[in-house]
Amino acid sequence: MTQVFDNHLLSCMVAIPFVAMPVLALVRGRAWVLRVALGATLLNVGLMARLWAGFDPASTGMQFVERMEWMPTFGIQYAVGVDGISLLMVLLTTLLPPLCVLCSWNSIATNLKAFLMLVLLVEGAMLVVFLAMDLFLFFMLWEVTMIPMYFMIVLWGGPGRVAAGLKFVLYSLTGSLLLLVGILGLHIEGGRSFDMQVLTQSTIPIDSQTWIFVALFLGFAIKLPMLPFHTWLPDAHSEAPTAGSVLLAGVLLKMGGYGFLRLCVPIFPGVAERFSPFILWLSVVAILYGGYMALAQSDLKKLVAYSSVSHMGFVTLGIFVFNSEGIQGAILQMFTHGVTTGALFLVVGQLYDRTHSRAIGDYGGLYQTMPRFVAFLSLFSVASFALPGTGNFIGEFLVLTGVSYVSIVMVVLAMGGIVLAAAYMLWTLQRVALGEPNTEAARHLSDINFKETVALVPLAIMVFVIGLYPRPLLNAMDTTVTELVQRIETRRVASPLVPVVDVERPTAAQR
Amino acid sequence: MSIYTLIPLLPLAASVVLALSGRRLEGKGHRIVVPAIAISFVLSVVALIEVATSGPIEVSLYRLLESGNFVVDVGLFIDPLTVLVLTLVTGVSAVIQVYASRYMIGDARHSRFFAVTALLTSAMSLLVMSRNLLMIYMMWEVMGLCSYLMISHYAARRSAYRAATKVFLVNSIADVGLGFGVILTFQTFGTLDIPQILASVEGADPARITLLSLLLFMGVVGKSAQMPFHVWLPLAMESPTPASALNYAVTIVNAGPFLLVRLSPLLVHSPTAMTVIATVGGATALFGAIVSTTQTDVKRSLAYSTISQIGFTVFLCGVGAFVAAIFHLLAHGLFKAFLFLSAGNVLASTHRFHADSSAGEESGRMRPLIAGTLVLSAIPPLIIFSKPYEQLWLSQGFTQASVAFWVVGLGTVFFTSICVFRAITTLFRHGPPDARGVADGEVRPTLFSPLHVAGVFVAASLALLVLLSVWTWFSGFLSPAVGQAAVTVPVPRSGLSFGFIIPFAVALAGWIFAYTHYRSGKPSLVERAAWARPAYVFFLNKGYFDEIYDVFVVRPTIVLALWLWRSVDTRGIDRRVVAAGAGTESTARWLWRTVDARGLDRLVVAAGTVTVGLARWLFRFLDVGGLDKTGDRLAHGVDTTGHAMQGLEPRTLQQNLLVMIFWLIAALGFFYWIA
């Protein structure tokens with residue numbers, strides 16, 4: 001048995017959610033449904049631990065590779081593998097679903113079984129997206145993530161769920177369409193292959209590089225989302241049920257950033273370099289703009305959603321400076337954003353379960369009735385604006401360090417975004433947790449129970465562990481990122497598109 | 001691992017234990033925190049002795065970060081500067097915790113108070129011990145958080161929680177400067193290790209050093225409440241009084257001067273930065289001192305006095321008297337902690353915050369206390385104008401600078417002595433808790449009597465005076481750790497010199513002025529002199545800084561955010577584009593009406609009629625059986641979906657689609673354009 005797990009670890013991880021779905025369909029009773037779903041997701045966490053232990057941070061390239069022919073005529077295969085970048089994303093994808101299952105116990109009143117099946121489907125699909133080494137597989141499961149998400153929003157969401165779900169699907173479909181165009185272009189120009197490793201090594205004609213890059217870039221940018229493609233996000237996040245919001249903000253958005261790192265940057269370093277000033281400035285604007293938007297919100301979930309726009313700005317900022325500080329920071333930022341924003345949605349969801357109100361003005365003075373809740377809310381709020389000692393600080397600081405090689409003005413502006421983040425988070429905290437209750441309902445709330453606490457504790461621990469000892473995570477991706485940066489450097493030198501710009505970097509001797 | 005690692009770790013552990021224990025340890029927090037901090041204090045003294053005998057200690061702990069060129073090692077660096085501040089921090093913190101263990105009895109958030117103060121002590125000790133700029137920055141921010149938590153202690157009070165948020169935000173704006181400075185330091189030197197940075201200062205670009213110094217100083221301006229960021233410190237007085245004593249006398253505000261002295265070898269390379277620091281510090285010292293005499297709230301008055309004193313410390317850093325700055329910092333820390341704790345006693349027993357309210361009866365112990373006042377108000381001039389200070393100052397060699405020093409120094413001394421006199425006399429005019437407090441049925445614990453507190457601190461002050469008399473040892477001990485602007489360590493001359501008598505006389509003058517002004521029944525200066533009134537009002541309102549910030553910074557930000565959201569995000573990106581979308585829509589409609597309906601349609605009508613006829617026939621023919629119901633259902637379904645989609649607010653499905661398409665075209669066009 002262990003042999004199977006060892007030899008086909010990734011396939012097992014992928015298979016578990018898909019197998020658990022039909023099993024779940026057969027189970028009766030709310031408690032058993034919950035147990036089975038929790039068991040399946042926790043089993044994946046266990047396999048993840050095995051993967052983490054078996055992962056060799058020092059070796060380059062993909063590990064745990066499994067290949068199978070799928071549609072040989074088109075050169076399509078089932079190929080999965082993991083490297084430093086995807087390892088972190090997979091870690092995030094396996095960690096959040098158990099918590100989603102736990103929180104659904106309270107927040108999902110009807111059809112819990114169907115809901116959990118959708119959660120498992122999303123988990124499985126996202127795992128494949130992060131593990132796929134084949135573009136077709138990648139695209140197919142990329143599409144699959146959208147469907148359960150849509151139903152989660154439309155069937156279990158808030159009052160404006162239909163509009164939000166439709167908006168989500170329209171945006172996602174547009175993105176997917178562009179992605180499909182890009183992938184097909186890549187397939188045709190890159191030597192009729194869907195294998196990412198082959199494509200990365202292949203030389204694509206310069207004329208078509210730009211168009212393919214732009215198509216892929218827009219596809220990922222809508223998912224991330226970048227300004228100005230972000231308007232689907234506040235609606236979708238705020239109308240989705242808690243578990244849906246957690247999965248959306250926690251993992252789904254990261255598919256965009258992962259796409260940049262997996263396809264856009266390594267395959268088209270020259271084009272990426274040419275567009276980078278534009279992208280970087282857009283990111284800076286997104287950071288500030290998202291912050292301002294969050295400041296204007298009176299709806300808790302919308303506020304967290306807009307803060308995601310701001311934080312995702314840091315991700316693109318880090319990726320498109322093409323140095324290892326920036327990229328590592330961006331990956332870490334994706335990870336920690338998944339943890340803290342996921343946690344924030346969980347916390348807000350717990351409040352919503354009690355009062356069915358997302359309006360900030362309906363609360364106040366919660367520290368008296370819900371001290372434990374307020375402790376967690378404060379913790380994740382300060383983590384969200386990257387207080388040192390939390391993981392987000394490490395991510396954002398690395399990104400800023402990376403950006404400082406390129407532009408100092410951007411660093412200052414982005415730091416302004418952190419101040420804005422502190423402003424909207426603390427202001428919210430003040431209005432929700434401190435003072436006197438604004439409504440009668442807020443006066444009689446019960447504190448979070450054991451189950452709810454259990455869902456938050458792992459995230460809280462993670463926030464601190466990454467903040468104080470981020471090296472395991474950084475080590476895991478170090479080799480991959482270094483390789484990526486080197487590839488960008490060499491490609492950039494080789495590519496005639498762009499004159500090589502000397503970037504001021506301290507030498508090893510100075511260090 | 002060294003034993004000194006325990007100095008920050010013990011309070012941290014105590015804090016974590018308290019935070020996790022929830023209600024189980026409620027009311028018993030001090031039993032964990034006090035021993036932890038006391039042990040830290042003992043260890044600090046051990047460190048002091050070790051450093052004094054065998055030089056600086058370095059402890060490397062672990063590697064925090066490694067990414068590309070960016071490497072950060074967590075380690076401790078314990079040199080004379082560190083141990084002196086560390087001893088102050090842990091020592092005063094221990095005393096304050098003991099005091100608070102009585103003061104906070106009955107408080108609903110007893111554990112929380114001790115958890116936060118322990119965390120703060122831990123952060124401050126780690127800050128002074130860290131050998132890495134990033135660690136300093138991290139601890140700097142953690143202290144900001146502690147400050148936030150302490151100010152929001154009485155969370156039901158509107159003024160308290162609003163102050164908490166405001167204080168944190170003012171600080172975080174200033175911290176942008178510090179954080180940016182840290183990043184730029186890494187860019188310049190390729191490392192954040194402080195000893196390495198200081199070692200490689202010589203070869204660096206002077207303009208860059210000026211920029212760096214000013215950026216780092218911006219963080220100091222925020223954390224140490226220098227102008228124009230000083231507004232937060234008075235607000236911070238919403239915290240429980242022991243916390244005020246800890247935060248705003250010995251820890252948070254002192255982090256600024258500490259950082260300046262720590263980086264003094266860097267600062268001395270930039271005359272511009274030094275001038276800026278001295279100017280800001282001097283201005284703050286005078287402004288704070290004057291405002292402190294006009295405030296009617298005891299704690300607020302003390303806050304402005306703190307601003308003034310820290311301003312003076314910063315001023316000293318700016319003029320290169322780093323050793324003197326640290327000495328001033330230590331002296332002020334003890335002195336101000338005493339005042340705060342005394343204020344806490346009085347406030348707790350009388351529940352009154354206003355210094356100007358009715359005078360109580362003079363009790364028999366007034367006389368020694370007034371004498372004590374004189375001694376305490378004499379300490380600042382003693383320190384500031386002691387011979388070594390003056391010589392350090394004069395060694396800078398500028399006449400104008402010397403004048404500035406005298407003006408700022410004497411002004412500060414004059415107003416400080418007024419403030420101190422006023423604070424102390426008001427505080428101790430009141431006897432035991434008055435009847436009102438008892439009538440409320442509130443059981444207040446016995447606090448330490450003012451004499452106890454006074455005794456402890458007067459003893460500490462005397463120790464400082466002794467330290468002053470061994471000035472040569474002090475400056476010899478500290479000098480290696482600071483920048484070399486402090487050229488030579490002067491040997492103090494014996495006896496009282498002219499330079500000492502003048503400031504002492506000024507302090508006495510301030511004291512007499514305060515005595516006549518506040519003690520006698522005569523009309524006050526404000527009532528007598530016409531010129532004094534506008535000035536008094538100006539300073540009473542703290543120079544209108546709060547109002548200015550509110551009007552020019554706070555409100556515009558929120559208004560801008562709301563405007564951006566309403567007009568740009570919902571209208572601009574959603575609706576304004578809908579206008580463009582509507583343009584597309586009308587084009588489409590036009591196409592449909594003219595081309596499709598008129599042109600093509602008529603052409604097709606002929607064929608259409610035939611087709612329709614055929615279709616009708618087919619329809620009737622096929623319609624007979626079971627298809628009917630299925631069709632009906634389908635049609636109904638389509639209809640409902642359509643209605644549902646049409647009903648989407650605020651936009652219709654078509655508009656949604658059009659918006660999407662518009663954006664795509666715009667984006668593609670843009671990319672095409674820049675490609």
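Per chain, numbering begins at 1; letters A, B, ... match sequence-line order.
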Need one label for [X]: side chain, backbone, both or neither, based on atoms under 4.5 Å from any heavy atom in chain B.
X: A:I394; result: side chain
X: A:Y424; result: neither
X: A:V419; result: both

- Item | By side-chain contact (heavy atoms from CB on, under 4.5 Å) - contacts of B:T165 (at least two apart) | A:L426, A:Q430, B:Y148, B:L169
- Inspect the surroundings of CZ in A:R372 and state if more than 12 heavy atoms from other residues, nucleotides or ligands are less than 6.0 Å away. yes
- Message: Please check if the number of heavy atoms outside B:Y154 that lie under 6.0 Å from its OH is greater than 12.
- Response: yes
- Task: Taking the side chain as every heavy atom from C-beta outward, state whether B:F186 and B:T191 have any pair of such atoms under 4.5 Å apart.
- Result: no
- Item | A:L474 side chain near A:D478 side chain, heavy-atom distance below 4.5 Å | no
- Item | Heavy-atom pairs under 4.5 Å with chain B, option from A:T482, A:L468, A:V481, A:N475 with the top count | A:L468
- Message: Tell me which of these, A:Q328, A:M415, A:M477, A:R471, has more heavy-atom pairs under 4.5 Å with chain B than the rest.
- Response: A:R471
- List for me each residue that meets salt bridge (Lys or Arg N to Asp or Glu O under 4.0 Å) alongside B:R63, sequence neighbours excluded, and say none if there are none. B:E66, B:D73
For chain A, the option from [options] that forms the most heavy-atom pairs under 4.5 Å:
options: B:Y137, B:F180, B:Y62; value: B:F180
options: B:L184, B:L134, B:V74, B:D175; value: B:L134
options: B:G177, B:S152, B:S200, B:G179; value: B:G179

- Message: So for B:L149, is it side chain, backbone, both, or neither that comes closer than 4.5 Å to the heavy atoms of chain A?
- Response: neither
- Task: Check each atom of B:L145 against the heavy atoms of chain A and say whether the ones under 4.5 Å are side chain, backbone, both or neither.
- Result: side chain
- In Å, rounded to the nearest 0.5 Å, how long is the span from CG of B:D193 to OG of B:S130? 10.5 Å
